[in-house]
Amino acid sequence: MKKYIQKLPKAELHLHIEGTFEPELMFKLAKKNNISIPYKNVEEVRKAYNFTSLQSFLDIYYAGANVLVEEEDFFDLTWEYLLRCKEQNIVHTEIMFDPQTHTSRGIKFEIVINGITKALEKAKKEFGITSFLIMSFLRHLSQEEAFVILEESIPFKEKILAVGLDSSEIGNPPQKFQDVFKKAKELGYKLVAHAGEEGDTSYIWGAINLLHVDRIDHGIRCDEDEKLLEYLKQKQIPLTVCPLSNVKLKAVDTMSNHNIVKLLRAGLMVTVNSDDPSYFGGYLNDNFESLVKSLDISKEEVKKLVINSFKASFLNSVQIEKYIEMIKEV
Ligand code: ADE
Ligand code: ZN
């Protein structure tokens with residue numbers, strides 16, 4: 001099955017570029033930019049990756065992002081992830097970035113976006129990897145601050161396909177961002193939001209009914225509400241599920257109790273993704289392998305999950321069909 005997973009051309013729809021920051025690169029950039037980090041070496045960093053909740057992870061994740069300063073830093077970060085994509089046969093990726101994590105430290109929006117997009121263009125040219133960018137608002141900050149970053153994004157609009165909503169979920173419900181999502185839609189952005197990762201089903205309903213999202217990031221708590229399950233199935237609203245992340249952040253106790261296969265068999269549009277792979281113990285293929293190891297999942301179901309990722313992507317229907325044909329041949 002490992003070989004089969006490797007061979008399948010795959011898409012990734014839920015990936016935070018700041019969550020691909022490997023400790024080796026973090027140390028290199030900290031030294032270059034003369035920024036201190038509270039760890040002596042790479043081993044000590046990895047040891048700190050023992051999370052008890054989403055917040056315990058976010059504290060470390062934002063601290064790590066502090067060493068990203070110059071355009072080339074954002075390029076290097078993105079390029080390292082794209083090399084993993086090539087290695088893991090990921091042919092299309094929809095990448096989230098958190099501009100507020102950087103602009104709040106005085107880093108210009110254009111530094112962030114130019115570094116990331118230059119790497120994406122190089123990967124398209126050299127490896128044929130297609131990609132889109134999703135600009136995520138930090139939900140622990142205010143809606144006014146989200147409006148500021150939305151405004152700043154306008155000159156770079158052709159480089160950004162969608163907006164998203166991430167960071168601390170509980171206490172920061174979708175309704176807090178209703179107006180800024182409405183404005184983003186008017187500007188022509190596609191919409192996604194994290195919901196139902198730690199938050200209850202009201203967060204998922206809110207993302208659907210108040211933010212009008214095209215996809216839900218995570219959404220694993222949907223099985224606590226029969227009506228919601230039925231709705232997600234009827235409308236085929238995609239869920240970008242991240243199995244290793246859910247176990248690492250204790251949203252699920254063990255992989256064998258993960259509900260992704262149950263949701264797939266119930267007819268929901270579920271997909272597999274890596275979220276923050278450097279922090280959670282693996283990239284996309286590792287997520288698939290972990291599912292195969294712990295859950296009774298067939299080759300056909302693995303294939304279905306991979307096809308779902310293309311169907312749930314923001315690619316056009318011709319591109320989607322082309323990729324699905326490629327998958328069918330494997
Ligand atoms: N930012 C990065 N990873 C995240 C996650 N899993 N949930 C919310 N915000 C995040
Ligand atoms: Zn996420």
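FYI, the numbering just counts along the sequence from 1. For ligands, and for the atoms within them, numbers begin at 1 and follow the listed sequence.
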Using a 4.0 Å heavy-atom cut-off, which part of [X] comes near ligand 1: side chain, backbone, both, or neither?
| X | result |
| --- | --- |
| Glu197 | side chain |
| His218 | side chain |
| Asp217 | neither |

- Task: For Asn285 and Gln88, work out which heavy atoms get closest and say how close.
- Result: N-OE1, 2.7 Å

- Can a non-hydrogen atom of Arg139 be found less than 4.0 Å from any atom of ligand 1? no

- Query: Is ligand 1 less than 4.0 angstrom away from at least one heavy atom of Asp98?
  - Reply: no

- cation_pi(Lys157, Tyr189) dist<6.0 Å, angle<=45: yes

- Item | Modelled atom types, side-chain donor and acceptor of Thr101 and Tyr61, under 3.5 Å | no

- Identity and separation of the nearest protein heavy atom to atom 9 (N) of ligand 1: Ser167 N, 2.8 Å

- Task: State whether Asp166 contributes an N/O/S atom found under 2.8 Å from the Zn ion (ligand 2).
- Result: no

- Please find out if the Zn ion (ligand 2) and some N, O or S atom of His16 are separated by less than 2.8 Å. yes

- Phe57 heavy atoms within 4.0 Å reach ligand 1 at atoms 2 (C), 3 (N)

- Opening angle between NE2 in His194 and NE2 in His14, taken at the Zn ion (ligand 2), to 10 degrees: 90°

